[in-house]
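Written out below as structure tokens is the structure these notes cover.
Predicted model only: the values in this text are computed from it and were never measured.
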2 protein chains.
Amino acid sequence: MDTKTDQSLDRNAQGRIRQENMERIMKAAEKVFAGSGFRGATTSAIAIEAGLPKANIHYYFGTKEKLYRAVLDDIVELWLSSFREIGEMDDPAETLADYIRGKMQLSRDRPNASKVFANELIRGAPRINSYLSMELKDWVEEKSGILDNWIAQGRMAPVDTKHLIFHIWAMTQTWADFEAQWSAILGRENGLEATDFETATNAIITTVLRNCGLVPLPPGN
Amino acid sequence: MDTKTDQSLDRNAQGRIRQENMERIMKAAEKVFAGSGFRGATTSAIAIEAGLPKANIHYYFGTKEKLYRAVLDDIVELWLSSFREIGEMDDPAETLADYIRGKMQLSRDRPNASKVFANELIRGAPRINSYLSMELKDWVEEKSGILDNWIAQGRMAPVDTKHLIFHIWAMTQTWADFEAQWSAILGRENGLEATDFETATNAIITTVLRNCGLVPLPPGN
DNA sequence: AAAAAACTTGACCATTTGGTCAGTTTTTCG
DNA sequence: CGAAAAACTGACCAAATGGTCAAGTTTTTT
């Protein structure tokens with residue numbers, strides 16, 4: 001028994017250095033890939049960002065391509081885990097608003113993840129095509145089905161539910177990906193502020209709920 | 001008289017080769033930059049795409065950086081020229097719908113221009129910061145002012161007009177930039193089709209007009 | 001027609017960069 | 001403790017790539 005316990009603890013301990021370093025490298029890599037793209041990111045820059053010698057990066061990940069894929073996989077997993085919500089029984093207005101809040105939180109907390117993903121999409125998504133056309137496609141179809149049911153039950157106004165989802169993604173992710181644009185237009189010289197995200201979140205929620213007939217228009221119209 | 005006529009024709013002819021080649025190179029460059037990013041694009045790949053030897057690219061544009069800036073300038077000009085619309089006297093619903101149609105047309109016709117621009121934004125917009133915080137900022141403030149007037153006149157429901165503009169940009173440009181994602185989700189193995197753009201355009205118009213109280217919700221809600 | 005200007009391009013070069021490796025140090029574990 | 005496994009890293013290399021150039025060709029101009 002002791003032996004078994006030790007082994008499992010050991011296995012844990014064994015990988016500790018490895019795990020810590022790999023996480024550190026992936027965190028640095030996400031930042032550098034977000035700021036420079038795949039080809040623009042150098043393993044040397046990632047090493048410096050991680051505070052490790054370059055050879056160390058290759059010791060753990062082999063090639064830049066493999067490191068990039070590891071970062072992408074991590075992001076895909078983050079995306080999927082943030083998706084589960086939206087169930088058949090939920091309240092439409094509350095559920096949509098919560099989903100939007102969650103997406104905006106992600107844009108604020110992990111802008112680099114969003115940027116790396118966006119970059120891959122712009123390039124034609126060569127490395128995540130199966131994810132897009134399998135998991136993500138299935139998710140969209142499942143959730144838009146739920147929304148369609150809500151509509152059939154008269155719980156919200158008729159809309160194109162797939163495009164409703166697309167719109168939510170577009171409006172929320174833009175605050176991570178194109179932050180530089182909104183920052184410049186709003187005149188925020190030190191980047192977006194917390195209030196900007198709140199205002200944006202509310203504006204998106206209003207837009208979506210009005211679109212679904214889930215919130216009354218202000219009087220006088 | 002003949003001399004003068006000849007001269008002007010000549011001057012035209014003089015620059016003809018130059019102009020043709022530069023346009024050809026810029027067209028090729030836009031495509032390659034869109035597909036590979038600044039660092040990922042090689043002058044050699046641009047040369048092949050343009051059907052010219054690599055030295056020719058450098059003969060006309062000097063460095064890759066200068067060529068990239070020329071492409072960016074071209075895109076900024078395209079953006080600005082597509083902006084003029086939206087006047088004080090126009091009909092709100094018609095104007096917004098037209099603006100959205102125009103933006104979607106641009107996403108269809110010049111997806112690579114949009115992608116290069118998006119890429120630059122993701123990278124933090126180091127080369128177009130002055131454009132963003134001058135021309136574009138001014139345009140947004142002017143147009144959101146007009147929309148605010150429409151609201152004050154009771155011609156549309158109260159909304160955050162700047163964010164209304166942001167939303168329109170996000171929802172329309174995503175069809176160029178992230179085409180790969182929508183294509184995969186919709187199961188279009190040969191890329192998006194004309195009907196996809198029509199459906200998307202209508203969905204965006206509906207969303208925006210409902211948000212502004214410019215179109216009645218379907219009955220039963 | 002001939003000089004001048006503009007254009008063309010194969011060959012070449014310096015630098016950057018992804019990746020390797022061998023020798024060393026640190027950690028693990030019986 | 002001591003041996004084996006894992007981790008570390010400076011030095012190095014081959015390939016890719018942005019950019020140059022000199023020798024030519026074509027076009028323009030007088």
Just distance, no hydrogens or angles: give the donor-acceptor pairs under 3.5 Å from side chains in residues 22-32 of chain A, sequence neighbours left out.
unit_1, atom_1, unit_2, atom_2, d
E23(A), OE2, Q19(A), NE2, 3.3
R24(A), NE, A50(A), O, 3.1
R24(A), NH2, A50(A), O, 3.3
E30(A), OE1, R110(A), NH2, 2.8
K31(A), NZ, E49(A), OE2, 3.2

Going by salt bridge (Lys or Arg N to Asp or Glu O under 4.0 Å), name the pairs with one or both residues in [range], residues two or more places apart or in two chains.
| range | value |
| --- | --- |
| residues 129-140 of chain B | K137(B)-E141(B) |
| residues 168-192 of chain A | K115(A)-E179(A), R188(A)-E193(A), R188(A)-D196(A) |
| residues 51-61 of chain A | none |
| residues 116-126 of chain B | E120(B)-R127(B) |

With sequence neighbours left out, what residues match [X] under ring-ring contact (aromatic ring centres under 6.0 Å, His included)?
| X | answer |
| --- | --- |
| Y68(A) | F33(A), F38(A) |
| Y131(B) | none |
| F178(A) | none |

query: So which of residues 50-59 of chain A are in contact with DNA chain D, with a heavy-atom cut-off of under 4.0 Å?
result: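 Nucleic-acid contacts, sorted: P53(A), A55(A), N56(A), Y59(A).
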field: Contacting residues from residues 20-45 of chain B, given that a heavy atom lies under 4.0 angstrom of DNA chain D
entry: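 Those residues are A41(B), T42(B), T43(B).
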- prompt: Starting at CZ of R16(A) and ending at P of dT26(C), how long is that distance when rounded to a whole Å?
  reply: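 Computing the R16(A):CZ to dT26(C):P distance gives 16 Å.
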field: Base-paired stems in DNA chain D, each at least three Watson-Crick or G-U pairs under 3.5 Å
entry: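 If one scans DNA chain D for consecutive Watson-Crick or G-U pairs, the stems found are C:1-30 with D:1-30.
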task: Quick one: list whatever passes side chain to side chain contact (heavy atoms under 4.5 Å, CB included) with A180(B), sequence neighbours left out.
output: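 If we apply the side chain to side chain contact (heavy atoms under 4.5 Å, CB included) test to A180(B), skipping adjacent residues, the hits are A125(A).
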